[in-house]
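Here the structure is laid out as structure tokens; the discussion comes afterwards.
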Amino acid sequence: MKYIVKNLPEYFKFQEKALKDPERFWGAIAESFQWKKKWDKVMNADMHKADIKWFEGAELNITENCIDRHLDERGDQTAIIFEANSPEEKAQHITYRKLYEEVNKVANVLKEQGIQKGDRVCIYLPMIPELAYTMLACARIGAIHSVIFAGYSSTAIASRVNDASCKMIVCADGSYRGAKEINLKGIVDKALEDSPSVKTVLVVKRTHCKVKMKEGRDVYLEDLTQNVSVHCPAETVQAEDPLFILYTSGSTGKPKGMVHTTAGYMIYTAHTFANVFQYEKDDVYWCTADIGWITGHSYILYGPLLNGATTLIFEGVPSYPDHNRFWAVIEKHKVNQFYTAPTAIRSLAKQDIKHVEKHDLSSLKVLGSVGEPINVEAWNWYYHHIGKERCPIVDTWWQTETGGILISPIPFSTPTKATFATFPLLGIQPVLMSDDGIEQEGNLTNGKLCIKTPWPGIARTIWNDHKRYFDTYFSAYPGYYFSGDAALRDPAGYYRITGRVDDVVIVSGHNLGTAPIENTINEQEIVAESAIVGYPHDVKGNALYGFITLKREISEQEKEQLKIAINNSIADQIGPIAKLSKIQFTVSLPKTRSGKIMRRILRKIAANEMENLGDTSTLLNPEAVQAIIVNKKD
């Protein structure tokens, strides 16, 4: 593959080429891949209309690039290592040849069950090999996969399934998460009470728990794969045909179904994986994310497999059976590149350092951070105790919408700096915008982080709602992609992400829109209104703080019961990840004279920054601020 950076002068040389002539740059990279038909035009983009296309006219199948083209040279090489929740369960080493056969068997089952090119298939599976098989099987036959994190509630599943009109759900009977066993099939059954588009449910046997199987709809995948061929022709798809839909939380209303298309996503994830992780033959790469998020799509599955890498899929959690699990897995499989979230780093840094010191981590070459900005303390602990001061940390910034990493150090080339994502990757042109839409020139400045020029991995639209896509990402600063994040640029030109500027809170690396949470709270009969904000948390990065106004006064005991009921409702409607860490009942919420809740002030109060609230005299009810401060309990 062309343009893999090996030193800093090379980075600047390649970046100049990429920005000067992006079509030639990305076209040269694309030549490394297998195409059924070459493209007519590399790029055709109008950022003012949010109309972006890459490699138009090309025909391909991404699974031929992930699997088939590796078979001659790497057929017996491990493609996927599966490390189960329990360390007592033997790890699986799945070769590229075995992956080819398993993917094709599932692809043939999907076709037998009536799934055709363009159909949407919902996948609600834990981190097991069948998750990879099913995603790739969908891509093999041209179906569009929509993976839903296997921690979401039935309500969240139903809303996503209905939005995409999914024809099938592939789920497991149950899942393991640490010491817990979860009945996933029961959650799916409840979701399907309100999902008429689903005609078939394929069930993977994982925990072998007792589940209800609805005749004519539900069938065990294992029973079907025994009677199909291990060969399935790869469907020809167009470059701009959708590969998958992945839902991300919106700041208002329902989640957004981001649509990623085939060719551009393929080229971008493959190239960024190669540069950011500097993967070499026989390395073992491990990203600890869940495949239910974009990090798992791009940097557990597609990016590594496109590079012929060995990628590790981990079913468990870092604290089970004890807090040395990550380090035990690294030692066991001799992991070379390790990519995890600041939340996990902070959590493990709080444990006895003996958990780390009793393991041999000498195989590590590159450490990565993803999901949210990493704080200085976590960065330093990671660098000193895990990397032993010899492994560079790639602090990566990107989003579901971007498809792949946009800003990151390149290991052994870019000098790292704690909490800074450093330079943009090749072909990426970030800018910092003022509130009135002016590019902030030079270094040592800050502003709203936008991207000036298109890149191949950008999501093309929101499923069935291109207007929302345009309004969300391209209307604030016409001609630019607006990330929703604020950032600063230091004297060296390094970027540091400073946080969200909208009503999305990043909790443990998960983007949570506050509006759906507020809507759930407001369904409680006694609740008049609510406002959710994020506040700094030692482990999660941010946690959720709920300011809730009631219609009438209730006793302290009733308030405690209501807090439990509210969090139970949130867990049921959205998922446990969205539960509130703190709840404060208020007489009223601070509002502007037009009736808008002043969340900026509530964020300051939640973070205990009461001395810097700004001017509150123009509020409709300035007395509400003081009342909240007086009654705040920490």
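- When each of Leu425, Thr295, Val276 is paired with Trp398, the side chain to side chain contact (heavy atoms under 4.5 Å, CB included) condition holds for Thr295 and for no other.
- Within the 4.5 Å cutoff, the side chain of Thr236 has heavy atoms near those of the Lys36 side chain.
- Counting only residues at least two apart or on different chains, the ring-ring contact (aromatic ring centres under 6.0 Å, His included) pairs with a member in residues 191-234 are Tyr100-His231.
- Listed by chain and residue number, Lys365 satisfy the salt bridge (Lys or Arg N to Asp or Glu O under 4.0 Å) test with Asp283 (two or more places apart in sequence, or in another chain).
- The side chain to side chain donor-acceptor pair (under 3.5 Å) test applied to Tyr268 returns no partner, not counting sequence neighbours.
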Quiz item: Do Phe326 and Phe338 pass the ring-ring contact (aromatic ring centres under 6.0 Å, His included) test, and can you show the C-alpha distance, the side-chain angles, and the key distance before you say yes or no?
Solution: CA-CA 10 Å; Phe326 272 8; Phe338 180 64; 5.6 Å; yes
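- Aromatic ring orientation, His510 versus Phe149: tilted (interplanar angle from 30° to 60°).
- Aromatic ring orientation, His260 versus Phe244: tilted (interplanar angle from 30° to 60°).
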All N/O donor-acceptor pairs, side-chain side in residues 174-188, below 3.5 Å, sequence neighbours left out:
from	atom 1	to	atom 2	distance (Å)
Asn183	OD1	Lys185	N	3.2
Asn183	OD1	Gly186	N	2.7
Lys185	NZ	Asp189	OD1	2.7
Lys185	NZ	Asp189	OD2	3.3
Lys185	NZ	Lys212	O	2.6
Lys185	NZ	Asp218	OD2	2.8

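- Thr343 meets the side chain to side chain donor-acceptor pair (under 3.5 Å) test with Glu372; sequence neighbours excluded.
- Judged purely by distance below 3.5 Å, without hydrogens or angles, the side chains of Lys6 and Gln278 pair a donor atom with an acceptor atom.
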Pairs of donor and acceptor atoms involving the side chains of residues 132-143, under 3.5 Å and at least two apart or interchain, shall be tabulated with distances.
from	atom 1	to	atom 2	distance (Å)
Thr134	OG1	Glu130	O	2.6
Arg140	NE	Asn104	OD1	3.0
Arg140	NE	Cys232	O	3.0
Arg140	NH1	Thr63	OG1	3.0
Arg140	NH1	Asp68	OD1	2.7
Arg140	NH1	Asp68	OD2	3.3
Arg140	NH2	Asp68	OD2	3.1
Arg140	NH2	Cys232	O	3.1

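- Using bins of under 30°, 30° to 60° and over 60° for the plane-to-plane angle, the ring pair Tyr339/Tyr285 lands in the tilted bin.
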